[in-house]
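Chain letters run A, B, ... following the sequence lines, proteins first and then strands; every chain starts at 1. Being a predicted model, the structure only gives us computed values, none of them experimental.
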Number of protein chains: 2
Amino acid sequence: MPPSFRPPIGLTLHRTSRQASRAFDEALGEVGGSLPVWLTLLTMKTHKSANQRELAAAIGIQGATLTHHLNGMETDGLLTRRRDPGNRRVHLVELTAAGEAAFLRLREAAVAFDKKLRAGFSDDEIAALEQALAKLGANVGERA
Amino acid sequence: MPPSFRPPIGLTLHRTSRQASRAFDEALGEVGGSLPVWLTLLTMKTHKSANQRELAAAIGIQGATLTHHLNGMETDGLLTRRRDPGNRRVHLVELTAAGEAAFLRLREAAVAFDKKLRAGFSDDEIAALEQALAKLGANVGERA
DNA sequence: TATTGTTATACTCTATAACTATA
DNA sequence: TATAGTTATAGAGTATAACAATA
């Protein structure tokens, strides 16, 4: 072991992320959500994907995993699925009123959490951090 | 939604960490390891905890979760557990020769991974990143 | 045949609660 | 009673493979 032990940056990244994810998941849970549900809603709202595979890829999960989450969300009444008349292989996923309401609730929690997370950072510092994280990502593989 | 959409810093953190964790897990897998096994070995080597609970806390998991991983590692012949003669409630966890070898192999993979991760960063930049991550962690809760 | 999505199944990591054994 | 650890059980998130429906 080296004389002055420096924890690998990946370990620090991992711990920080886990800590933040847990806290965020807890915050989402308080308004009836979870991380994958939030990511699904957010990505649906911001991506307008042509099909579920694109949506799954944008979230960063497999198609079958997305199906799993959509099943839960459908059971919870957040969305409906029906076939696209134009291409009946494609399933159109649409938020119900409850789904829209859930999105708003979760977004509020996410915004509040992000505000807490940014406390004490200037915009430039956040930008620098984003850039550093992007660089780490690039160093590690070509995935989105 | 705001006119210029900025992804929350937590989302970027989460994605980067997941990407890095997957790549790291893969790298560890290639030498017969996994993230929790590596964290267990690393923490055993760097912490010298008095008992398993301390060890678990240092890793950031519950005692029962540690037991679960230790079971697997014992099955794989990486370690042995025996009762402390001085306080027979305490189980002494000791690495076997195979466990020591695994530690060295995983450490090598971890060092290589960390080198890859740090590519293009100066020491000062890494230090700044560590500091920023620590600040995020502090913003989010009081856990280690 | 290729594409879209679902079902079936399973794995990993984690946790809580109940239990055993020691003190 | 309190402490150390294990066992039993479960749950969340993810994945792969096989399948059904559609093109």
If you compare every side-chain N and O of [X] against the phosphate oxygens of [N] (OP1, OP2), does one of them come in below 4.0 Å?
X: A:R82; N: C:dG5; result: no
X: A:T65; N: D:dG13; result: no
X: A:R53; N: C:dG5; result: no
X: B:R89; N: D:dT3; result: no
X: B:R22; N: D:dA15; result: yes

Query - Backbone of B:L78 reached by a side-chain donor or acceptor of B:D76 within 3.5 Å - result: no
Requested in this report: Without swapping roles, check the side chain of B:D114 against the backbone of A:I9 for a donor-acceptor pair under 3.5 Å.
Outcome: yes
Query - Shortest non-hydrogen separation from B:L35 to A:H14 and the atoms involved - result: CD2-NE2, 3.6 Å
**Report entry** Least distance between heavy atoms, B:F113 atom then A:V140 atom
**Finding:** CZ-CG2, 3.3 Å
Report summary line: The contact string for nucleotides 6-11 of chain D, one letter per nucleotide 5' to 3', using protein heavy atoms under 4.0 Å with B, S and - for base, sugar-phosphate only and none, comes out as BB----
Requested in this report: Please tell me which of the listed nucleotides, D:dT16, D:dG5, C:dT16, lies nearest to the side chain of B:N51?
Outcome: D:dG5
Requested in this report: State which of D:dT14, D:dG5, D:dA21 makes the closest approach to the side chain of A:P36.
Outcome: D:dT14
Cut-off 3.5 Å, no hydrogens considered: what does the side-chain donor-acceptor table look like for residues 61-73 of chain A, sequence neighbours left out?
from	atom 1	to	atom 2	distance (Å)
A:T67	OG1	A:G63	O	3.2
A:N71	OD1	A:R81	NH2	2.6
A:N71	ND2	A:T67	O	3.4

**Report entry** Atom pair CG/CG of A:L129 and B:L13 - distance to nearest 0.5 Å
**Finding:** 7.5 Å
Query raised in the report: Atom CD of A:Q62 and atom C1' of C:dA8: how far apart are they, to the nearest Å?
Result: 16 Å
Query raised in the report: Can you check the B:R83 CZ to D:dG5 P distance for me, whole Å?
Result: 10 Å
Query - Earlier contact from the 5' end, DNA chain D, for A:N87 and A:H69 - result: A:H69
